[in-house]
Undergrad: 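Below is one structure. I have some questions about it.
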Amino acid sequence: MSYVVVPGIDGSDEAHWQSRWEAGWGAEAVRIAPGSWSAPDLEDWVAALGKAYEAVAGRGPVVLVAHSLGCWAVAEWLRRARPEDAAAFLVAPPDPHGPAFPAEAAPGFVPLRPAPLPCPALLVASTDDPYCTPRKSADLATAWGARLRLVGSRGHLNTASGVGEWGEGRELLGEFTDSVVALPRTTASLRALLRALDDPGRVERPAGFDRDAEALRAQLLADRLGSAFGTSCAADLDEQDSSEFGRVSVPAAATRAGERLVICLSAFGRLALVCAENPGAYFGTEDALRSGALTPADLRVAEGVLDELGYVVVPEELVEEEYAGPVRCLRDRPTWWDRYFGTF
């Protein structure tokens with residue numbers, strides 16, 4: 001695991017927890033180096049972040065450790081770059097429209113609006129930060145799709161706050177990185193998995209398929225989703241003449257978007273899809289997120305439960321890519337959906 005350290009305006013001095021953590025990480029960490037520390041230029045900071053990320057990319061998961069204004073630079077860079085191996089640890093993001101925000105020094109940051117982040121994120125905030133109220137911190141976490149931790153009266157969580165090494169923060173970071181160490185597979189690796197599972201001799205069920213074990217797993221999925229969403233979920237199993245094993249639905253009344261979630265389970269490789277309303281109702285997972293039919297928070301809950309039970313979540317748009325394998329499907333121009341969730 002590698003780290004990209006993203007300080008706020010003027011950088012972080014040697015006594016700042018970011019600097020201390022960075023020193024401990026050694027070669028595993030890199031700090032952004034924009035040319036506009038004191039008068040932050042958004043484009044300069046985003047470019048510096050991209051350069052820092054490239055310096056550590058390819059070594060495994062990359063955790064962006066940001067403080068204050070750096071949180072907004074991270075959010076904007078993630079929106080543009082959409083890396084597949086990143087996670088964001090966001091500490092004390094300021095309210096760009098709050099009275100204490102340095103609008104004159106950083107005017108390019110003022111128009112930014114929070115939008116769903118394309119990666120796991122944790123937002124840590126204090127209850128007496130002069131740059132952001134607890135309510136606004138909660139609003140930012142919701143808009144970014146991040147988990148929120150309020151840590152009490154710690155000011156802006158900087159050197160002046162007196163947190164020093166900030167051991168509490170290290171514990172939070174450790175818990176967060178433990179939860180995302182198995183970051184979502186890259187698109188390339190998921191495509192490779194789809195190809196590897198494609199056995200022309202096994203159309204509806206793979207060799208060694210244990211129906212009873214997978215039925216139990218699906219029922220556990222329904223139970224845990226029910227607990228996570230505060231509702232009752234049912235598993236509908238054993239699709240006939242199909243490579244899909246079954247579905248679990250979360251009622252619309254239990255989701256934040258007010259739309260039903262349908263979890264489709266393939267008999268192959270424990271592949272799973274998280275769909276808003278119905279499979280194919282939207283042009284993929286990203287389209288459902290953009291339309292508001294699926295919230296980042298609901299998606300993360302569903303994906304977390306699936307991951308705990310050993311399922312591999314595949315974006316809906318990926319299975320809509322053309323299938324050119326050896327299995328004969330019903331449609332003239334089949335997709336991976338036809339291969340792993342379709343009928344035969």
Undergrad: Rounded to the nearest 0.5 Å, what's the gap from CG on Leu157 to OG on Ser126? Could you check?
TA: 5.0 Å
Undergrad: Any side-chain to backbone donor/acceptor pair from Tyr323 onto Val327? Under 3.5 Å, distance only.
TA: yes
Undergrad: Identify all side-chain donor-acceptor contacts of residues 222-229 below 3.5 Å with residues at least two apart in sequence or on another chain.
TA:
residue : atom : partner : partner atom : Å
Asp223  : OD1  : Gln219  : NE2          : 3.1
Ser227  : OG   : Asp223  : O            : 3.2

Undergrad: For the CG atom of Leu49 and the CD atom of Glu54, what is their distance to the nearest 0.5 Å?
TA: 11.0 Å
Undergrad: With no hydrogens and no angle check, just 3.5 Å: does a side-chain donor-acceptor pair link Thr343 and Asp241?
TA: no
Undergrad: For the pair Arg79 and Glu76, find out whether any cationic side-chain nitrogen is under 4.0 Å from an anionic carboxylate oxygen.
TA: yes
Undergrad: For the atom pair CG (Leu148) and CG (Leu140), what is the distance rounded to the nearest 0.5 Å?
TA: 9.5 Å
Undergrad: When you measure from the side chain of Thr255 to the backbone N and O of Arg260, does any donor-acceptor pair fall under 3.5 Å?
TA: no
Undergrad: Report the residue from Leu69, Val65, Leu64 that forms a side chain to side chain contact (heavy atoms under 4.5 Å, CB included) with Val74.
TA: Leu64
Undergrad: Have a look at Leu271 and tell me which of Val319, Leu190, Leu265, Leu194 forms a side chain to side chain contact (heavy atoms under 4.5 Å, CB included) with it.
TA: Leu194
Undergrad: Can you say whether the rings of Trp17 and Trp21 are parallel (under 30°), tilted (30 to 60°) or perpendicular (over 60°)?
TA: tilted
Undergrad: Answer with yes or no after comparing the ring centroid distance for Phe268 and Phe245 against a 6.0 Å cut-off, counting only values under it.
TA: no
Undergrad: Between Asp198 and Arg339, is there a side-chain N and carboxylate O pair less than 4.0 Å apart?
TA: yes
Undergrad: Tell me if a side-chain donor or acceptor on Ser12 pairs with a main-chain N or O of Gln18 at a distance below 3.5 Å.
TA: no
Undergrad: Any donor-acceptor pair under 3.5 Å linking the side chain of Arg217 with the backbone of Leu309?
TA: yes
Undergrad: Does one side chain, of Asp139 or Thr142, offer a donor that lies under 3.5 Å from an acceptor on the other?
TA: no
Undergrad: Checking the side chain of Arg149 only, and the main-chain atoms of Leu123 only, is there a donor and an acceptor separated by less than 3.5 Å?
TA: no
Undergrad: Using the test side chain to side chain contact (heavy atoms under 4.5 Å, CB included), find all partners of Ser68 that sit at least two apart in sequence or belong to another chain.
TA: Pro94, His156
Undergrad: Name the one of Trp72, Trp45, Phe101 that satisfies ring pair (Phe, Tyr, Trp, His ring centres under 6.0 Å) with Phe109?
TA: Trp45
Undergrad: Between the side chains of Ser161 and Asn158, does any donor sit under 3.5 Å from an acceptor?
TA: yes
